[in-house]
Structure formats: structure tokens, C-alpha cells
Amino acid sequence: MSFTIGLPCFMSARVATSLNPSQRAAVEHEHGPLLVLAGAGSGKTSVVTQRIARLIERGHPARSILAMTFTNKAAGEMFERVARLVGAQQGRDLTVSTFHRFGLTVLGKETRALGMRGTSFAIFDQADTSGVVREILRTVKTGKNYDIGAILARISAAKNAFLDADEWAKRERESRGLDDYDEIASIVYPKYQSALKSFQAFDFDDLICEVVRLWRKRKDVLDKWRQRYRFVIVDEYQDTNHAQLELTRLLVEEHKNVCVGGDDDQAIYAWRGADVRNILDFQEHFPGAKVIKLEHNYRSVGAVLDLANAVLQKQPGRRHKKTLMATRDKGPRVEVIVAADPDVEAAFAANEIQKALEEKGLRPRDCAILYRSNLQAQPLEAALKERQIPYRMIGGQQFFERKEVKDLLAYLRVVLDPEDEMALRRIVNYPARGIGEAALAKLTSYATAKDTTLWHVVSKPYLVNEFPAVAMDGCRQLLRITDGARQRLAKGEPSAQVLRYLAEEIKLKEDIIAGSTTTPAAQRRWNNIEGLFVLFSRRDEQGKGGGEDLIDYLRFLTLQRDDGDEEAEDKVTLTTMHGTKGLEYKLVFVVGLEEGLLPHARTLGDRATDIPLEGAHSLDEERRLFYVAVTRAKDKLYLCRSRVRLARGKMMPRTISRFLQDIPPDLYDEREVNAPEAPPLEKTVAGASALLAALSSAPTTGEAPLMMRRRR
DNA sequence: TGCTGCTCAGTTTTT
DNA sequence: CTGAGCAGCA
């Protein structure tokens, strides 16, 4: 089982120069709707970027081109690649953005047309929206303990269908009958909407839906945007939802210059509202559409591709039939690893990576370990740490969703925009300063009665009848802190400096230490805050100012997941199968191929909380997810599973994933791994000294470093 | 008001 | 087993 790096692999350095006929046809396409059906690894992204470059070459101004992607990262990458082709000068005016960010831009520019008071609005992330729903449930007094996510999912579905609560409930009742969650969701939904309105806030769905509503209502506004964008490109089209289709359709209705790229076999986001029919029915939505299929795979060796095709073999009812054709040689065989337990599984992957790094000249960045659920990451992290292999984890709890980060940023928000009520509520009694539930209720009811903002009352608490002296004092403290920060900003102090001041004033460090159970945990959380300082000082260095600029930046951060902006970082990637879409690695491990994990238990048992998906079976989506994971591998693929796994704190026996079972055995070699292979530390001097370095840089608190903790 | 300790639940994916 | 949410108490 050896695989060579270097020889045939660089076929995959493809693109730019040589295009096959289909690719060329797609790149040269100029006017009218175009669907590029691109199988995994068929060079879709490079075709799309080259087409954009070609449009610019043809004399279409870059500023008239809008490309929409799924993630910020994909957007950044596409922008870079186009800029490389046409030059930074030419590419500068190009718009490459996620749907959500584009929506944010439009809403930000159209606050007047939207009829909003003022120009400021907030964006609510999941934590915020969950909080809103929780509050509403309290007032509704159901007595039951509802899953908030399930309610939000239904609200989201209704929003994206542009239906109000009654219309949605009616439609669902007719199509499938209502369950408990549908009932409660239809009660919560209108209240949720008015809550958002009173906060002057948009949730993620609104960023798309409100644009569509506005455009439908205001032809003059729509015309403005239509004139601006003469060419629209959408990547990963299989993952768009109904509202995104509507947005696209409105924008291109006149000129019809819409080019979408995608692959229905890689549709894995139905659970969050993506509708694969968008890509299946593209030709009905955009009559006269040209369809180009890209079926040559330039990424993977034949062995990987054969297996990938076998995975899809079992997929019923594929509409756009594609067969991926190999362009590379067979390569090393795919290996299936049956590990005794998850630690063995992790040790195996880490050992193989280490071997590949030392013996085959691979770089860490060429390797990835993919799993279904973030819970699986822990043993993998530990195994890599033990061997001093650098890695980065994508996903998990997002940086900007961490409590300490949100707390500090909420202060900055309030400083910049005192009417940001969500932020104000968050910090009004943090750190505790005597403004508890009762005091807050007094403040808000006074604000409601006098039709003024919460901030106004907080800054003049003496107006409130029988307001407790302690709470009054608390308000004064809060004012002192925010005023201090505001003055610093006004004086032109860098934003990072102001953040430091705020952290200092609220004794954030002390609070983190007091609120953490272990020293390393406290360290990690404080590191997050330090990370914020670094982030903002980097922004300061770019000469960005305070005020509006900073408000925009904070909004932008809400939509930004941290991919670790160190794109060039040479590290092994640990990520979920979802998080890996669009990426590729020479060496790939897919771990946890067991029933209950893939397919995930939640997609099997039909739980009351899940929305029944129409036309899409979640089991099929799980299979496609497996397909996506497998097709990430360029040279060598390992499929791993464990015989036992921790569930609810107990070791439970596991059964093989049905998807793995479905693959003809002649497409892979199977191997059992039992003893946890010890990390070969003593093997190399480099390894030993790296360990020493790691130990000496461990926290000197007397606490054991985190990595030493898990051992059974 | 705010803390502590209890219970309970719940285990996916993310703009 | 862990974390979050909640009730009851100081």
C-alpha cells in the first residue's frame, strides 16, 4: 500500500492552460442561462473562475459581475483566482460574496426603502434567535419542554417559502398534517417576527428573504440592482434554497445572464432548507437554458473513483445522470480499517499521517481526517497532539459564538450603537451590577410605555418609579464604562485599544478565571479574547476607522465563521464531512463509518422534532454525504470504523455502516487494527525534542496540560 | 438579586 | 458524561 507523490498526481494541477471541450464550452458561454453540471473533481470552480475572467476579457466591466458562493471561504478563493487571471486591477470591482453577505449589503444600502427608522440594524445569530424563542415560549407558558431548534427550523421553512404563520400552517396541514411542533411553531412565529422587528434585527433568513420582498415591492429598487449586475454566477447551486432562487430569478429576469454550477449528487444541505429541485428544475426556472456536463474527474486516482461511483450506485432516482470518468491511473487501493476502539482508530490515522509525512514527503496540509460529527474530533485531536503533528480543526463551536467573545463584542456594539438592544440586554448586568430580572423588567416596561429605547432609560434610570438604588448605581457604572470607550473611539484610539479598555473595565479576565472549572479552560477562553485583540489590531493597521466602519465590520463578523484566516497554514485538516465540500487532499481518512453515525441516528428514527422533508429522503442525503467525503481524496483513501464507541458515557458495540456494506468488496482491502500503536516518539531525535519543547511551553500552573488528561 | 445545586435532557450538519 | 436550564434558597 504505497502511493507515490509526484508522478501522475500533478495531473490535478490541471486547469488554466488545458481545457476539455465541455469545459471550454462553459468558459466561452456568454449570454443566457447556463447550468454547469459538474461532477466531483471535474474542475468546476476553475471553469467558473475562468468564465468570469473571460467575461472581463470580453470587455464586460468587472463591476457588473456578481458571483455568489456558499461560504466566505469559497468566495475569497474565487476572488483570488479571478484576480490572478485578470490582474488585481481588473478584478478589484468584481463582486464575489455569499448570498447572505450580498443580502446584507443590499439591506444596508436600502434602509430607507425598507422604511426603517435610522440606518442601524442588528443581525441575530442562532444564539440570539434561540434566546428570542425561549423568551416567547416562557410567555406562552406551554408547560412542555420544546426543542427550540425544531421550532426555529419550522419558522425558517415558512420564511423561505414567503408564508406567514397561517398560510404556512394551512399548507402543511394539507400536505402532511400537523404535529406538535408545527402547532407551537405557528404560534411562536408571529411573535418571533414582531420581536425581531422591535429589536430592529434580521436573522440569517431575513438577509435573503427581506431582499426578495423589497425587490418585489419596489420595482425601482430592483431596477437599480439589475442595472448594476448584468452577469450573475452561482456556485454550489444544489445547496440553494427557495428564497435564494427567488433572489437570483428576480435579479436576472431581464438579461437572463445567469450561470450556475453544481452537482445534485453532492446535495447535502436539505436539512437546512436547501432544495435540490432548484438544480433539477433549472431548465424550467430559466427557459432556454444551456446545460453542460463535466464528467471527467481530474482529482482522484481510479481506485477512489471506482469506490465513489459504487457509493452512488445505490442512489435511487438521480435526475441528472452523470458518470465520472477517471483521467488518472488506478493508484493505490482503498483501505478499510476496522479498529478496536476510537482511540485505536485515531492512533491509526495519526500514525499513517506521520509515516506519510516522514517517508513520502507529504506536507501536513495534504492530509485530512473527516468525520460526521464534531464529537468525534476529540480522540483524533489527542492522537495528533501526542505525535506533535500540526492540525487545525474546522467547525465546532464558532469563535464568534463563544460566550466571552460575544460578551466583549456586545460591549463594543453598545458603545457604537446604543440602540442595539440585544447587545445591551446581554451586558446590562454583566458583570453583575444589581440590574436583575426585576430591575430590567422595570426598565423595559418604562421604555415601552414612553415609547423610547431601552438605552434611553438606562441612561436616565432616575425617571423610573421606585427603581432600586443598587440598580441605579449599576446603570451609572455601565454608563461610565461605555462613555469612556466612546470617548476613546472619538479621540481616534484604535479599536483594539478600546476593546482592551473594555475588557479591563469589566474585569473580563478575572471573570473568566473565576468561571472556568480548569486552568487550561480559562487559558483557552482568555486566548480567545487575546485573539480578538489581534484581529482588531490587524484591522486597525489597515487604517480602518471607527464609527460606521466598525459597525459594518461587526455585522460582517456575525456572518463570518473562522476558518482560521491563515490560509497557507501547513496543517492537517480535521473537519466534518459537511465542512469539507469543495476541498481536496492527497491523503484522506473518513472515520466512524458506523450505523448511527453515518447514517446518523437522527436521520434514521423519525423524531418528532424533524421536519419531514418533501421529495428528499434524509437517508439519501447521508449517502451523498459519504460520496462527498470519499471524493475529497486525490491519492489515497482510508475508510475507518470502530468496533465500539462511547455513547451516553458507556462503551457500546457498533455495527458497520450500511453504506460501507453496500460497496463491492473487490474495490477495497480490509484490515483489522487492534493494539493502539504507540506513538513512535523515541524513533527520531526531532520527535523527542519536539516533545520537550511542547512540555516546556505547557502552562506552568501546576495543572496537567490538556493533552495528558484523556487516558484510559 | 444571585448563587448553588439539582435535574433533565441529549446528543448533526451551518450561513 | 457533559452541559444547559431551572427552581429554590440565602
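Below, read A as the first sequence line, B as the second, and so on, with proteins coming before strands; counting in each chain starts at 1. Just so it is clear, the structure is predicted and the values come from calculations on it, not from any experiment.
In this entry the distance linking CD of A/Gln378 with P of C/dC1 reads 14 Å, nearest Å. Distance, A/Ile148 CD1 to B/dA9 C1': 13 Å, rounded to whole Å. If you measure from atom CZ of A/Phe202 to atom C1' of B/dT15, you get 16 Å, rounded to the nearest angstrom. B/dG2 atom P lies 14 Å from atom OH of A/Tyr430, rounded to whole Å. The CG atom of A/Asp125 sits 12 Å away from the C1' atom of B/dT14 (whole-angstrom rounding). Atom CG in A/Asp147 sits roughly 7 Å away from atom P in B/dG10 (whole-Å rounding). Here the C1' atom of nucleotide B/dT13 and the NE2 atom of A/His578 are 4 Å apart, to the nearest Å. Look at CG on A/Asn160: it is 11 Å from C1' on B/dT15, rounded to the nearest Å.
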Check the interface with nucleotides 4-6 of chain C: list each N/O to N/O pair with the protein under 3.5 Å, or write none.
residue	atom	partner	partner atom	Å
C/dG5	OP1	A/Arg134	NH2	2.9
C/dC6	OP2	A/Arg138	NH1	3.4

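For the residue pair A/Asn241 / A/Tyr269, no side-chain donor-acceptor distance below 3.5 Å is found, with atom types taken as modelled. Side chains of A/Gln244 and A/Glu246: a donor-acceptor N/O pair is absent below 3.5 angstrom, by distance only. Judged purely by distance below 3.5 Å, without hydrogens or angles, the side chains of A/Ser156 and A/Asp205 pair a donor atom with an acceptor atom.
Residue A/Ala438 is in sugar-phosphate contact alone, with no base atom involved, counting any heavy-atom pair closer than 4.0 Å across all strands shown. Residue A/Phe99 is out of contact with every strand shown, counting any heavy-atom pair closer than 4.0 Å.
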Item to complete: Give the intermediate values and the outcome of ring pair (Phe, Tyr, Trp, His ring centres under 6.0 Å) for residues A/Phe124 and A/Phe199.
Response: CA-CA 10 Å; A/Phe124 278 11; A/Phe199 280 113; 5.6 Å; yes
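Between A/Thr576 and B/dT14, a side-chain N or O to OP1/OP2 separation shorter than 4.0 Å is present. Between A/Asn429 and B/dT1, a side-chain N or O to OP1/OP2 separation shorter than 4.0 Å is absent.
Scored by the side-chain hydrogen bond (donor to acceptor under 3.5 Å, both in side chains) test, A/Tyr446 finds no partners at all (sequence neighbours excluded).
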Let me check something: any side-chain donor-acceptor pairs from residues 98-108 of chain A under 3.5 Å, sequence neighbours excluded? List them with distances.
residue	atom	partner	partner atom	Å
A/Thr98	OG1	A/Arg101	N	3.0
A/His100	ND1	A/Phe204	O	3.3
A/Thr105	OG1	A/Arg101	O	2.8

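For the pair A/Trp271 and B/dT13, the ring geometry qualifies as stacking, because the centroid separation is below 5.5 Å while the planes lie within an angle under 30°.
Map A/Ser373 and A/Gly436 each onto its nearest nucleotide of DNA chain B; the residue landing nearer the 5' end is A/Gly436. Residue-to-nucleotide proximity on DNA chain B shows that, of A/Leu375 and A/Arg101, the 5′-proximal contact is made by A/Leu375.
Note: A/Tyr462 and A/Phe467 fail the aromatic proximity criterion, with ring centroids not under 6.0 Å apart.
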